[in-house]
Amino acid sequence: MEKKELLYEGKAKKVYKTADEDRFIVMFKDDATAFNGKKKGQIQRKGIMNTAITKIFFELLEEKGIPTHFIELVSDNEILVRGLEIFKIEVVMRNIAAGSISKRLGLEEGTILKKPVLEFYYKDDELGDPMINEYHIFAEELATEEELNTIKKMAFEINDILRDFLKKRGIELVDFKLEFGKDKAGRIYLADEISPDTCRFWDISSKEKLDKDRFRQDLGNVEDAYQEILSRIEK
Ligand code: TMP
Ligand code: ASP
């Protein structure tokens with residue numbers, strides 16, 4: 001399918017229309033940002049690596065019964081996806097404390113959470129994606145109760161599937177962010193991407209960070225970390 005006009009450009013991706021009004025092409029950029037766009041840079045070959053990583057995870061999830069927006073690869077940094085109305089909610093799932101939960105609750109990085117923690121953020125760059133709860137979601141009609149129940153159930157299932165898959169490959173799934181959308185019939189799909197940009201991955205034994213925290217924290221070897229994730233999950 002051919003790309004038509006650019007519909008939207010985000011910090012890490014571009015979305016193009018196609019001849020089919022229900023299909024879009026997502027192009028993954030090498031650009032990287034952090035701290036709501038305050039830190040900017042480039043990660044060489046990130047677009048290609050995140051495309052390949054997202055494809056593997058979305059195909060795995062589809063196989064396990066999770067509907068995703070992924071249809072097929074278009075090129076090495078582009079995918080064809082279903083057109084969806086995206087919920088203005090970022091869904092974060094955490095298994096181990098790191099990042100903002102460590103700061104907010106004073107939990108040492110690496111603290112194992114006794115149960116996975118599900119959090120919601122309002123998807124709004126100008127507001128800096130503030131944390132919200134279910135009452136905010138219903139008050140602002142960001143999703144109905146029924147839709148949110150489906151999203152929560154899918155998020156926990158995705159956590160189980162990914163954790164198990166990654167553990168076998170020597171990777172700890174610390175936390176990750178998901179986005180969901182619905183089609184015209186109201187069916188809910190997993191959207192966006194699953195990559196080292198949107199997840200924290202640690203090597204199980206050394207605890208080495210293999211994700212965007214290497215860029216956020218200037219740890220070096222960013223490209224190598226993304227490639228390491230791709231190489232381990234390709235098998
Ligand atoms: P946090 O600890 O900064 O709240 O991040 C939790 C997870 O969500 C982590 O895996 C990174 C991911 N994330 C995004 O994908 N986009 C974002 O804008 C933020 C803040 C986090
Ligand atoms: N992607 C977000 C930003 O640009 C935050 C992050 O991933 O740290 O700021």
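As the structure lists them, so they are numbered: ligands from 1, and atoms in each ligand from 1. Start at 1 with the first residue, then count along the sequence.
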Closest protein heavy atom (residue, atom, distance) for [atom]:
atom                   : value
atom 8 (O) of ligand 2 : Arg216 NE, 2.7 Å
atom 3 (C) of ligand 2 : Thr33 OG1, 3.3 Å
atom 5 (C) of ligand 2 : Phe35 N, 4.0 Å

TODO: Please could you name the atoms of ligand 2 that Asn36 approaches to less than 4.0 Å, counting only its heavy atoms?
DONE: 3 (C), 9 (O)

Task: Ligand-residue contact atoms, ligand 2 with Lys212, heavy atoms, under 4.0 Å - done: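 Checking each atom against Lys212, I get 1 (N), 6 (C), 7 (O).
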
Open item on the list: Looking at every heavy atom in both Glu223 and Gln44, which two are closest together, and how far apart are they?
Closed with: OE2-N, 2.9 Å

- [ ] Would you indicate whether Glu9, at its atom CD, is surrounded by more than 12 heavy atoms from other residues, nucleotides or ligands within a distance under 6.0 Å?
- [x] yes

Task: Atom CD of Glu2 with >12 non-hydrogen neighbours under 6.0 angstrom - done: no

Task: Residues Ser102, Arg94; criterion side chain to side chain donor-acceptor pair (under 3.5 Å); working and verdict - done: CA-CA 11 Å; Ser102 290; Arg94 303 180 188 272; over 6 Å; no

Task: Pairs meeting criterion salt bridge (Lys or Arg N to Asp or Glu O under 4.0 Å) with involvement of residues 187-204, two or more places apart - done: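 Found Lys13-Asp192, Lys13-Glu193, Lys46-Asp197, Asp175-Arg200, Lys177-Asp192, Arg200-Asp213, Asp203-Arg232.
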
Task: ring pair (Phe, Tyr, Trp, His ring centres under 6.0 Å) contacts touching residues 24-83 (sequence neighbours left out) - done: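 Ring pair (Phe, Tyr, Trp, His ring centres under 6.0 Å) check on residues 24-83 returns Phe58-His69.
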
- [ ] For Lys123, check salt bridge (charged side-chain N to carboxylate O under 4.0 Å, His left out) against everything at least two apart and list the hits.
- [x]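 Here the qualifying residues are Glu179.
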
TODO: Determine, for Glu109 against Lys209, whether the closest basic-nitrogen to carboxylate-oxygen distance falls under 4.0 angstrom.
DONE: yes

What are the polar N/O contacts of ligand 1 with the protein below 3.5 Å, with distances?
unit_1   : atom_1 : unit_2 : atom_2 : d
ligand 1 : 2 (O)  : Arg94  : NH1    : 3.1
ligand 1 : 2 (O)  : Arg94  : NH2    : 3.4
ligand 1 : 2 (O)  : Ser100 : N      : 2.8
ligand 1 : 2 (O)  : Ser100 : OG     : 3.4
ligand 1 : 2 (O)  : Arg200 : NH1    : 2.9
ligand 1 : 4 (O)  : Arg94  : NH2    : 2.8
ligand 1 : 4 (O)  : Ser100 : OG     : 2.6
ligand 1 : 10 (O) : Asp175 : OD1    : 2.5
ligand 1 : 10 (O) : Arg200 : N      : 3.4

